[in-house]
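FYI, side chains are in, hydrogens and waters are out, and symmetry mates aren't considered; it's all heavy atoms of this structure.
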Amino acid sequence: MARTVAAHAWRASTPEAIELDLAALWRQIGHGEAAIARAVMSNLVVFRKHMDVPDAELTRVTANLPLDEVAARHPSRLIVLEHSYDQAAPGAPFAAGVGIVTFGPPQARYGVEQIVVRSACAEQSLPSILRRLVRGDVPTTVWWTEDLSERPPLDALITIGRQLLYDSRGWRDVRRGVAALAPLVASRRVDLADLNWRRLAPLRQALIYARGPLDSASWQDAEVRVLHGPGEAPLAWLLAGWLHAGRRNADTSIARVEPSPGDGPRLTVVTGDMTAIQTKRTVEITSGSAPPLVLAMPIESDADAVAAELRVLSRDASLDAALDALMRVYN
Amino acid sequence: MTIVIFGGAGDLARRKLLPALYNLHVDGLLPPRIVIAGVGRKPMSDDEYRAFAKAGVAKFSRRPIDEATWAIFAEALFFVTAGLDDEPGLAPLGTRLGTIEHERGLNGDRIYYLAVPPTLFAPTVKELARARLVERGSGRIARLIVEKPIGRDLESARAINDAIAEVFDEKDIYRIDHYLGKETVQNILVMRFANSIFEPLFNKRYVDHVQITVAEEEGVGTRAGYYEQAGALRDMVQNHLLQLLAMVAMEPPHSLEADVVRDERLEVLQSLRPIEGASVDAQVVRAQYAAGFIVGRPVPGYREEPNVNPQSRTETFVALQIYIDNWRWAGVPFFLRTGKRLPKRASQISVHLKEVPPILFNANPSARLDANVLSIRIQPDEGFSLGICSKVPGPQVRIYPVKMDFHYGSTFGGTSPEAYERLLLDVMAGDPTLFMRRDAVETAWQWVMPILDHWAQTQDSLPTYPAGDWGPPEAERLIESTGRRWLAP
């Protein structure tokens, strides 16, 4: 697929007139000489808390999110819901805008729909907005761009989707973040997809390669320390949860998680004579006299990661198990 | 040609008929000599009627008004004050029409459009005959258009049809179901019979089930007086949904002649397995909307709406599991649902093909592949799509359901003609293909009656659903008990 945005068409709308205005935009760009195909493989609902942006500049609520890049990789009907928690008297949604971003050369153009709704509704009314906007014939993902550890996701919203996508890297409090997800892990109502969890994949793979499966004898009573660099505590705890969930002996204590001294690497895992270090670029494992094992970290942008998760249509049992283990430890 | 609209100053004329006629005029599709005469009880001058029409067109036409084009169109508009109760009846209407037609060089060919409540169908037709506005064997065209509902049960439908048949021949009666005039509904036949890929699959061998959803976002609004007596089964299923069902399930007609196509649609209705007695409780769910939210705004429940009985048992939602007992569709369930105050206004037919066998890519019981679904979007996002499984690029074999999507808006640009444009044009051309014949109307009523009769004898509590939701849990259970799920539009 072409990765270059050819054009943006945008118009202000109202929550009630979104579909009409989108239809008008399609007619407008469909009038050109070359045909344009509508591309939609899923609904991507992006949740953002209220931003200080005037209604007339509603497109700015998507700032700092790689939405065009995601659309280029996995064309989705994008529905950005910017919600204000703090309205003294919650009312109806009060602004909306619709757009079509087009990609590709003139002879093979395709367009992706983008909708922004600014809401100040009561929480229980939010599903009525999304039910109206999502297409029923494609999967729906809710991308929670806010810190789940600061405020749990709105239950009424996330169950609209099949998948809840989030990034635990920005969590300020891992314990609260895990607690926010506990009901979803227990009920299995939605599939969880954590962008941070993807960053662990090479290290998890390397640890199993170097020392065997987690339920093997080599892991059972081993003491494990996980040191993390600045801002990587959630990653370290996810790794600890994963190790704990995989070990057969339920009485084994969970890995000790602590910050690295100074500006250390992203993660360092120490157990027995083995040390594993994950940096931004590599995972390196040294163990006794064996030659070091070095794996390259995949080069993946945020947009690549989001698009990859959107294509996953099943639960990630390992992530669920890691979160479940952390919940048990925290409780 | 003269088009006489009874109820010419009413809501249907303002919202649909006059904008449709204006658009036909813009497209150059109206006859060069035409008169459009609105008829109503309240006095109104021709100029006042033209202003009324212009306001309606300005608000509801798919195109903005072009002043020069409008000026020519407006010259064809007239208003005649007439009532059925007065002694002269419609005689003054005949006199006025005669004068206008004479002045404009028309020969007296007329279309009478009854945009009035169904209770006035029979009296109006009777008065047309008494005033000698319609005379068999006169050599002039005299066609009648009537809107649904044709009756509120089989008996009243027959009574209306009998009364009309005393004055008009069946070939001159055009019973409108505006769904049949929609581009996307007409495209069902084109899609099925102008492509070789779909029709071989449309049968019990390949189709697992079919869903038809006609969802309305609006509540009962100002129609409580009518709706309280009707309900969703009468208002939507007996006509629109059964006609959509007939279009998607009919056999290939041997020609496109009106009666050949209508015969095939009728065959489907005649093949519907009756739902009677205890089967009604098992195969039909009815419900009423309670207070909820639409696009974030709180809305009242049905019983709190103006002019609705606070104890009303009128259903605003119906879901049905239907079988067509013919060779093609034996054993294939058709799930129909319609309701008010659903999350969005949308009409969709989805044909769900059978799953591939549970081997190869579909071997994992916890991650079954999506079956192929052909979705026909009737409105508002007109088009159709076919869901197919495709490999996600990469070293692993991962499968994702992708869409082959045909979208009118981005493919053809411009706006599709409104259903009423096509239907009015067909009446002028004398083509009744997209209209309901008497036998089809009465067959549909005949099939619906056992359900209505059963409900009339049942005092079970009526399920409710919050406004803005996709119906009650009972409707989910209806389809989920068969191992399937509703596909939201």
Side-chain angles (χ1 to χ4, degrees), chain A residues 1 14-20 22-32 35-42 74-75 90-94 96 100 102 109-111 117 119-122 124-140 308 310-315 317, chain B residues 213 215 217 292-299 341-346 348 350 364 366-370 373-375 377 379-383 385-387 390 392-394 398-416 466-470 485-489:
Chain A
M1 277 200 172
T14 63
E16 290 79 11
I18 283 171
E19 299 295 350
L20 285 174
L22 262 179
L25 268 186
W26 278 114
R27 287 196 298 272
Q28 183 185 315
I29 64 174
H31 256 316
I36 180 164
R38 181 175 62 178
V40 53
M41 294 176 74
S42 62
H74 187 85
F94 50 78
I100 296 171
T102 51
R109 277 198 304 161
Y110 65 96
V117 179
S119 147
C121 301
Q124 70 268 28
S125 74
L126 291 176
S128 72
I129 300 173
L130 293 183
R131 281 194 205 105
R132 190 177 206 249
L133 297 178
V134 297
R135 283 182 56 147
D137 59 346
V138 289
T140 298
L310 294 179
R311 293 187 197 113
V312 176
L313 293 175
S314 55
R315 299 187 71 78
Chain B
T213 295
E217 189 181 281
F293 297 93
I294 295 289
V295 205
R297 296 184 200 284
V299 294
R341 284 288 188 225
L342 298 184
K344 61 171 99 171
R345 170 180 168 264
Q348 175 174 285
S350 54
N364 182 353
S366 63
R368 287 274 186 244
L369 296 177
D370 286 10
V373 179
L374 175 66
S375 298
R377 302 186 301 272
Q379 65 179 19
D381 180 33
E382 293 89 350
S385 66
L386 178 64
S390 180
V392 177
R398 294 217 331 258
I399 294 181
Y400 193 89
V402 299
K403 301 281 160 201
M404 295 176 69
D405 190 26
F406 161 63
H407 177 221
Y408 271 90
S410 58
T411 304
F412 292 124
T415 52
S416 295
D469 218 332
W470 278 112
R485 295 173 60 196
W486 291 110
L487 181 68

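- Using a distance-only test at 3.5 Å, with no hydrogens or angles considered, a donor-acceptor pair links the side chain of A:S128 to the main chain of B:G296.
- Contact annotation for A:A308: only backbone heavy atoms (N, CA, C, O) come within less than 4.5 Å of a heavy atom of chain B.
- Looking at B:D370, neither its backbone nor its side chain comes within 4.5 Å of chain A, counting heavy atoms on both sides.
- Residues A:R38 and B:D381 form a side-chain contact, since some pair of their non-hydrogen atoms from C-beta on lies under 4.5 Å apart.
- In this structure, the side chains of A:E16 and B:I294 stay at 4.5 Å or more apart for every pair of heavy atoms.
- Only the backbone of B:P489 comes within contact range of chain A, with at least one heavy atom under 4.5 Å from a heavy atom of that chain.
- Considering all non-hydrogen atoms of both residues, A:V40 and B:D405 come closest at CG1-OD2, 4.5 Å.
- For a residue to count as touching a neighbouring chain, one of its non-hydrogen atoms must lie under 4.5 Å from one of that chain's; by this rule B:V373 does not touch chain A.
- Under the 4.5 Å side-chain criterion, counting only non-hydrogen atoms from C-beta, A:L313 is in contact with B:P401.
- If you measure heavy-atom distances from B:E382 to chain A, you find no contacts under 4.5 Å at all.
- Counting only distance, with no hydrogens or angles, the side chain of A:R311 and the backbone of B:Y400 share no donor-acceptor pair below 3.5 Å.
- Between A:E19 and B:K344, none of the side-chain N atoms (NZ, or NE/NH1/NH2) sits under 4.0 Å from a carboxylate O, so this pair counts as no salt bridge.
- Once rounded to the nearest 0.5 Å, the distance linking CZ of A:R135 with OG of B:S375 reads 8.0 Å.
- In this structure, chain A has a heavy atom under 4.5 Å from the side chain of B:R377, while its backbone stays farther away.
- With a threshold of 4.5 angstrom between heavy atoms, B:S350 does not approach chain A through any atom at all.
- B:W470 CH2 to A:R131 CZ: the interatomic distance, rounded to the nearest 0.5 Å, is 9.5 Å.
- With a 4.5 angstrom heavy-atom cutoff, B:L342 does not touch chain A via any of its atoms.
- Shortest non-hydrogen contact noted between A:V312 and B:R398 is CG2-NH2, 3.8 Å.
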